[in-house]
Amino acid sequence: MTGNPTARVKSLGLLSIWIDMNDTNARPSARAARRGVAVVLLALLAPQGTLLLLRAVPTLDLVLRSAVAHLVVVSAISACALAVAVAAAGAAGRSRDGSLVLLALGCLAVGGLMLGHGLLTPGIGGRPANLWVGRLPVLAITAFAGCLCAAAWPQRPPAAWAGRWPRGTLAAGGAALALALVGVSLWPAAGVGGRPVPGEAPIRLALVLAAAIVLVAVGVVHWWRWRLGFDLMQLALVVACLLGAGALLSLQVGALWHLSWWDYHAFLLTGFAAAIYAVLTSCRRSSTLQEVLGGVFAADPMAHISRGYSETLRALIGAVEARDAYTHGHSARVAELSVHLGLRLGLRPAALRTLAEGAYLHDVGKVGIPDHILNKPGGLTDEERAWIQQHPIVGSDIVGRAPSLRDALAVIRQHHERFDGQGYPDGLAGQQISLAARIVAVADVWDALTSDRAYRPAWPPDRALRHLEAGRGSHFDPVCLDAFLALMAERGHRPGHGEGDAAVADAAAEACHDDPKAADLAATPPVPGQR
């Protein structure tokens, strides 16, 4: 066999041309991050800054007394909130996603209660003075905060229950809301509508503070999720949470009919209008609302990372999957496991995103290996194995054409380096190897040992763990290996009895071809007490 393996990159004409034409913008994720930070800072500082300025300079806090204008603004808020509720309810009905049901309920509460707030404004349709007009906005934002908080953790009972009976939950919530609104609309000044309940002021303050804290906390959760995948819906939820908290502050300290009081209407309208914008913009790239909203509340960070995959990354994954069915499932599993290890090691969202991209593409260099080698059923010659060992270089050359994926190059090139410096292609050792590549090395070998191959069945987890543990400090970074073993222990897997052989793990880390040493060891009967 002749030729340079890396030269095969030049023969991947269509793929290379596609990357060059479609991934010309360097570091789009960095630009998205800057825009997102600017939007969130504006949503965080504008409400408080505006309110403080108006209250500090009374001459700026002008009086605008117009019941009709108030009804128009409130109706716009209600329309936006109800539109988001309809979109969430539609997606929830198809997916049975309890978190979307709760989002729909929260937006329904805002839409209904704010509409009631507008209709109960004294002077509209002969409405008398009443206390409900001031209570309903607080109740609306509080209900939204509670629903969004429950939705943010889909594994908890509220979201799980709503997911079991999505239509029933929405119907019950809508009916209760409608009955309450009809009651206060027909008799706005009757009973507690005309007089405060005992301790109403401190109760109101407690609701405002609790709802504001919840909204900020939920906003932080969605901010973290947004940083994983730069999904526009996540950013819209962050903005809605922060502006909702700002609206509560304006309600509490603003002067009635002054600009400081009108502020809360502007904040709510902007927050829900941002959500509508995010839905409409995302629908341009997706065919259904379920694709736009599905997974927005997922607890698994991989769900959010994958929503932000670029077209270039998806095209490269498709090219690898078309060449090699093994790499298809293997790459996805390695990426998911690597992200969970990264979480245990405290990686930040940007590092987790890079880790996932590199893990998913770590074997992309296989597209540069000749078919008769890649698909050879038996063992490889030394020369053929040399071709295989060039796939990290080939992969980094291919992906290096895509500016948006350059952060993942270290993983692609270094995932076969060893902690003791005996790996390839560059013989790096210890901290010279990127942390992401050291993480992927562990996940890669684990999946290789526990997956079915043409020349052997998958190994039981305890036996695979025993051989991985034997590679501590030689093949694997001890810190990464310890994090992996702790994760496996949580999943109920522990190393089996007896001593492992690091050579088995090394052989399994090679491409999916028969290796004489690995095959011989795999055929050796386990020691007593070992699976």
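Each residue takes its place number in the sequence, starting with 1.
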Would you say the side chain of [Y] lies within less than 4.5 Å of the side chain of [X], judging by non-hydrogen atoms?
{"X": "Val334", "Y": "Trp446", "result": "no"}
{"X": "Val221", "Y": "Arg225", "result": "yes"}
{"X": "Pro461", "Y": "Arg491", "result": "no"}
{"X": "Arg472", "Y": "Leu485", "result": "yes"}
{"X": "Phe267", "Y": "Val239", "result": "no"}
{"X": "Arg463", "Y": "Leu449", "result": "no"}
{"X": "Thr169", "Y": "Trp161", "result": "no"}

Between Glu357, His330, Gln414, which is the residue that forms a side-chain hydrogen bond (donor to acceptor under 3.5 Å, both in side chains) with His362? His330

What distance separates [X] [atom1] from [Y] [atom2], expressed to the nearest 0.5 Å?
{"X": "Arg333", "Y": "Ser338", "atom1": "CZ", "atom2": "OG", "value": "12.0 Å"}
{"X": "His391", "Y": "Ile398", "atom1": "NE2", "atom2": "CD1", "value": "11.0 Å"}
{"X": "Thr270", "Y": "Leu242", "atom1": "OG1", "atom2": "CG", "value": "12.5 Å"}

Looking only at atom types and distance, does a side-chain atom of [X] sit under 3.5 Å from a main-chain N or O of [Y], one as donor and one as acceptor?
{"X": "Arg344", "Y": "Phe484", "value": "no"}
{"X": "Ser282", "Y": "Val279", "value": "no"}
{"X": "Gln290", "Y": "Ala91", "value": "no"}
{"X": "Gln234", "Y": "Val296", "value": "yes"}

Angle between ring planes, Phe230 versus Trp226, binned at 30° and 60°: parallel, tilted or perpendicular? perpendicular

In terms of ring plane angle, is the pair Tyr424 and His416 parallel, tilted or perpendicular, where the classes change at 30° and 60°? parallel

Tell me, with the steps shown, if His304 and His222 meet ring pair (Phe, Tyr, Trp, His ring centres under 6.0 Å). CA-CA 10 Å; His304 302 291; His222 287 290; 8.1 Å; no

Taking the six-membered ring for Trp, is the centroid-to-centroid distance between Tyr360 and Tyr309 below 6.0 Å? yes

Can you check side-chain contact (heavy atoms from CB on, under 4.5 Å) on Trp223 and Val37, steps first, answer last? CA-CA 10 Å; Trp223 170 248; Val37 169; 3.8 Å; yes

Taking atom types as modelled and ignoring hydrogens, do the side chains of His467 and His475 form a donor-acceptor contact shorter than 3.5 angstrom? no

